[in-house]
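First listed ligand is number 1; within each ligand, the first listed atom is number 1. If you read the sequence from its start, that first residue is 1, and numbering goes on from there.
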Amino acid sequence: MSSFTNERIAPTSASPNMKNYEQARGHFRWEEVESEFTWHETGKINMAYEAIDRHAESSRRDKIALYYSDGQREEAYTFGQIKSSSNRFGNVLRQLGIGKGDRVFIFMPRSPELYFALLGIIKVGAIAGPLFEAFMETAVKDRLEDSQAVAIVTSPSQLPRIPVQDLPHLKHVILVGHDLRLEQGQVDFHQAMESASEELDLDWMDREDGLILHYTSGSTGKPKGVLHVHDAMVQHYYTGKIVLDLKEDDVYWCTADPGWVTGTSYGVFAPWLNGATNVIRGGRFKPADWYATLQKYGVTVWYSAPTAFRMLMGAGDELVSGFDLSKLRHVLSVGEPLNPEVVRWGLNVFKQRIHDTWWMTETGGQLICNYPGMAIKPGSMGKPIPGVDAAILDDEGRILEPYCMGNLAIKTAWPSMMRRIWNNPSKYEEYFRFKGWYVSGDSAFRDEDGYFWFQGRVDDVINTAGERVGPFEVESKLVEHPAVAEAGVIGKPDPMRGEVIKAFIALRDGYTASEELKEQIVRFVKTGLSAHAAPREIEFKDKLPKTRSGKIMRRVLKAWELNLPTGDMSTIED
Ligand code: WTA
């Protein structure tokens with residue numbers, strides 16, 4: 001939650017692709033963005049063609065599209081090479097009989113192969129489902145089951161976490177590794193790539209055909225499969241230009257993993273649609289390695305997250321002073337509120353303003369942003385991009401005045417808006433309960449200059465280190481542990497991670513609270529679901545507060561945690 005100050009940081013000397021915000025808003029039409037692509041005339045489209053092949057067939061053929069490093073591998077690929085490799089993978093899929101509309105998942109650590117696979121899936125018209133590499137069995141199973149995926153691209157080390165026997169639709173497991181001993185239904189990625197042709201007639205799609213399925217968390221029920229379509233490229237391309245401010249000579253680095261929407265919309269599509277050189281770093285976060293990455297590739301545009309910035313800040317200013325970051329000209333942030341002190345720190349150490357951007361998995365692309373060339377108010381998410389109208393609505397859907405806190409909503413529609421929640425039309429409808437608006441689930445207010453200020457989530461979704469965690473998914477895992485009778489999960493404010501996960505647990509008879517038991521339960525979630533969803537804190541209680549219908553009242557747990565009044569308890573059981 002950020003408090004309002006009218007401090008302004010004027011733009012630096014960067015020359016933005018959008019010269020004047022008000023003017024751009026006034027004249028904006030999405031059709032003008034579309035006309036930059038030739039599909040504008042044919043109506044047929046393919047994201048991978050526009051991101052890679054279009055450049056490979058131009059003077060950018062031998063331009064570096066991808067610098068990859070992870071501490072062990074260090075590689076560079078041109079647009080021409082990525083075109084060939086993704087063509088090969090497209091052919092591998094076609095030989096397996098995979099094509100338009102099929103769901104093909106990717107579950108592996110970041111590597112160039114991951115990106116070839118993603119593009120190859122898109123080229124044959126299949127729908128890509130990227131999964132975060134740290135997911136454990138339950139998380140993987142829920143997502144593959146819900147989407148009825150037919151194939152998965154994975155690494156041998158992750159194979160044990162894919163419960164193939166419980167997934168009847170999953171026909172093919174494509175393994176990226178060496179010296180493989182293949183079993184039935186498995187394909188050796190490298191071998192198959194070698195024998196596949198690098199020529200491919202890709203599938204031309206309709207604008208509304210499925211592109212990518214990102215699972216994200218809500219407060220109740222299993223994760224939701226958010227479907228995006230090829231038409232999203234209009235927004236990715238446009239925001240890449242005006243928000244990321246990408247130009248021909250830029251070397252761009254987005255630190256997000258493609259398991260999250262930022263790692264695809266802005267780690268793959270936006271930079272490549274704009275023909276930029278894209279830096280991808282594998283491996284774990286280490287401040288010195290990150291600065292070294294910025295220095296080594298001469299990164300000019302850098303998109304990261306508040307948690308990462310706070311960790312870099314925590315690593316001390318002396319560390320950063322040892323690196324030459326003079327090429328850096330534009331820095332952006334997404335995923336959670338960007339603290340004003342982090343913005344000030346950025347000004348000090350990078351001599352750069354950090355530009356906050358707001359959007360969600362469901363929105364597919366940036367919507368409310370700070371732009372180069374516009375004054376930044378630290379603590380504010382900025383203003384809607386041209387072509388997008390945002391407002392604060394009350395609980396009846398009426399537009400509120402400036403400084404009134406309410407539901408942050410976006411006027412429908414924009415090109416990268418989700419088109420479906422997989423298998424769950426009623427969930428989809430909930431977002432559009434006020435006619436003509438998409439309701440985000442965030443609360444915010446608007447100031448008199450049209451800047452938006454994030455205040456919190458309306459629901460119980462936890463945002464830990466920029467990642468959305470659904471409390472229900474964690475609670476469901478917790479109650480599978482033999483010692484746990486009931487569990488309630490909340491986000492607890494944390495200076496580094498924004499929020500951390502705290503679980504309140506009532507034990508079954510015969511179990512006694514102990515530190516060992518806590519550790520055991522944490523490990524149970526880590527190995528069963530995923531590390532980022534495991535509680536950092538556990539508190540044992542004799543009983544949890546519940547409604548008469550038996551729902552655990554997270555609101556009351558949160559009030560306990562924050563020493564706040566518990567509010568209306570009229571629906572509580574006994
Ligand atoms: C939060 C990530 C404050 C918000 C692209 C949103 C933010 C949720 C910001 C979406 C920001 C994202 N300031 N909060 N600039 N950006 N959020 O789907 O609560 O992983 O609803 O998408 O993150 O998270 P998601």
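The pair Asp250-Arg329 meets the salt-bridge criterion, since a charged nitrogen lies less than 4.0 angstrom from a carboxylate oxygen. Classification of Arg536 and Asp494 as a salt-bridged pair fails, no side-chain N sitting under 4.0 Å from a carboxylate O. By the 4.0 Å N-to-carboxylate-O rule, Glu22 lies close enough to Lys383 to be salt-bridged with it. The pair Arg143-Glu473 meets the salt-bridge criterion, with a side-chain N (NZ, NE, NH1 or NH2) lying under 4.0 Å from an Asp/Glu carboxylate O.
Of the candidates Lys477, Lys224, Lys222, Lys222 is the only one forming a salt bridge (charged side-chain N to carboxylate O under 4.0 Å, His left out) with Asp142.
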For ligand 1, which of its N or O atoms have a protein N or O partner closer than 3.5 Å, and how long is each gap?
from	atom 1	to	atom 2	distance (Å)
ligand 1	13 (N)	Glu336	O	3.4
ligand 1	15 (N)	Asp356	OD1	2.8
ligand 1	15 (N)	Asp356	OD2	3.4
ligand 1	15 (N)	Thr357	O	2.7
ligand 1	16 (N)	Gly335	N	3.2
ligand 1	17 (N)	Gly335	O	3.3
ligand 1	18 (O)	Thr361	N	2.8
ligand 1	18 (O)	Thr361	OG1	2.5
ligand 1	18 (O)	Arg468	NH1	2.5
ligand 1	19 (O)	Asp442	OD1	2.9
ligand 1	19 (O)	Asp442	OD2	3.2
ligand 1	21 (O)	Asp442	OD1	2.9
ligand 1	21 (O)	Asp442	OD2	3.0
ligand 1	21 (O)	Arg457	NH1	2.9
ligand 1	22 (O)	Thr361	N	3.4
ligand 1	23 (O)	Gly335	O	3.3
ligand 1	23 (O)	Asn463	ND2	3.4

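Every residue two or more places apart in sequence or in another chain that forms a side-chain contact (heavy atoms from CB on, under 4.5 Å) with Ala315 is listed here: Pro287, Leu319.
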